[in-house]
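Take a look at the structure set out below.
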Number of protein chains: 2
Amino acid sequence: MRRDIFQAIADPTRRAIIGLLAMQAMTPNGIAEHFQTTRQAVSKHLRVLTECEVVKQEYQGREIYYHLEIERMKEIDKWLEQFRKLWETRFEQLDNLLANLKKNKK
Amino acid sequence: MRRDIFQAIADPTRRAIIGLLAMQAMTPNGIAEHFQTTRQAVSKHLRVLTECEVVKQEYQGREIYYHLEIERMKEIDKWLEQFRKLWETRFEQLDNLLANLKKNKK
DNA sequence: TATATTTGCAACCATATGGTTTCATAAACA
DNA sequence: TGTTTATGAAACCATATGGTTGCAAATATA
């Protein structure tokens, strides 16, 4: 089974869970309150996120707090790096174009 | 059917295709040469990417050149923004910690 | 015109995905 | 101790996914 950060963020509910956990660690029940699905469905999402190591569990009595592993998010950023150069170049080109237009106007 | 940039980049083959098209526009046949799957499988990936508007088609005779729409990549970057603050903060904290250690050493 | 090339699409298939309901287990509490 | 609470896991289901093979259509070429 494919299990990487890109698959982790493919589902909108999982992205929302990641967003929640970015604010604070939460229990499955706490997370489930924010969604219309069952707690069990959220639990399955948490399993995927755990397998991708996007979240870490912290046992506290009978509760489990899920923490976001922010490091994993950097992997996406790293992949994006190759494109960032491209769109910055395009931005520069546009910038130069505008500068030239302004120049010619004078 | 869910069709967004996050689903587009969920598949490793599609990520590779996006990587190729970042370099230059290519035809389906040209793209397929880089993979072990059939041309038709690549074609299906291109369909998903087209539906997500990650690529654009340019007809040239019987060939179709696929171009990357770099703008779509920015959407990922935008979503990542919320986490970027977090990991930069953590980096600063680590930085401060190191600075303090250095200070106390003196 | 006849043939080869490029491509998309349909049909099919095995497996993955995301959800549900039901259950088992362990901790908290009366 | 018996009951409630928090959780994960299993079984099941409809649909999505990623691949294949076999076609049809349109363009290029002999």
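Proteins come first, then strands; the chains are lettered A, B, ... in the order of their sequence lines, and each starts at number 1.
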Taking OP1 and OP2 of [N], is either one under 4.0 Å from a side-chain nitrogen or oxygen of [X]?
X	N	value
His45(A)	dT17(C)	no
Asn29(B)	dT7(C)	yes
Thr27(A)	dA6(D)	no
Arg3(B)	dT17(D)	yes
Ser43(B)	dG8(C)	yes

Under 3.5 Å, is there a donor-acceptor pair between the side chain of [X] and the main chain of [Y]?
X	Y	result
Arg15(B)	Ile9(B)	yes
Gln82(B)	Trp79(B)	yes
Arg14(A)	Gln7(A)	yes
Glu53(B)	Thr50(B)	no

### Query
DNA chain C: Gln36(A) or Pro28(B), which has the more 5' nearest nucleotide?
Pro28(B)

What is the separation between atom [atom1] on [X] and atom [atom2] on [N], rounded to the nearest whole Å?
X	N	atom1	atom2	answer
Glu58(A)	dA6(D)	CD	P	17 Å
Glu33(A)	dT5(D)	CD	P	14 Å
Ile17(A)	dG19(C)	CD1	C1'	13 Å
Arg15(A)	dT17(C)	CZ	P	16 Å
Leu49(B)	dG8(C)	CG	C1'	15 Å
Ile31(B)	dT7(C)	CD1	P	9 Å
Gln57(A)	dT7(D)	CD	P	11 Å
Arg47(B)	dA16(D)	CZ	P	13 Å

Could you tell me which non-hydrogen atom of [X] sits nearest to which non-hydrogen atom of [Y], and how far apart they are?
X	Y	answer
Leu49(A)	Ala8(A)	CD2-CB, 3.9 Å
Cys52(A)	Asp4(A)	SG-O, 3.5 Å
Phe83(A)	Ala22(B)	CE2-CB, 3.5 Å

### Query
Any side-chain donor-acceptor pair under 3.5 Å between Gln57(A) and Tyr65(A)?
no

Scan nucleotides 21-28 of chain D against the protein and return all N/O pairs shorter than 3.5 Å with their distances rounded to 0.1 Å.
{"residue": "dG22(D)", "atom": "O6", "partner": "Gln40(B)", "partner atom": "NE2", "Å": "2.9"}
{"residue": "dT27(D)", "atom": "O3'", "partner": "Arg62(B)", "partner atom": "N", "Å": "3.3"}
{"residue": "dT27(D)", "atom": "O2", "partner": "Arg62(B)", "partner atom": "NH1", "Å": "3.0"}
{"residue": "dA28(D)", "atom": "O4'", "partner": "Arg62(B)", "partner atom": "NH1", "Å": "3.4"}

### Query
Among dG18(C), dT20(C), dT7(C), which is the nearest nucleotide to the side chain of Thr37(A)?
dT20(C)

### Query
Per the atom types in the model, does the base of dG19(D) pair as donor or acceptor with the side chain of Lys44(B) at under 3.5 Å?
yes

### Message
Please classify the nucleic acid contact of Tyr59(A) as base, sugar-phosphate, or nothing, using heavy-atom distances under 4.0 Å.
### Response
nothing

### Task
Remember a base hit wins even if backbone is also touched, and classify Tyr66(A) as base, sugar-phosphate or nothing at under 4.0 Å, heavy atoms.
sugar-phosphate

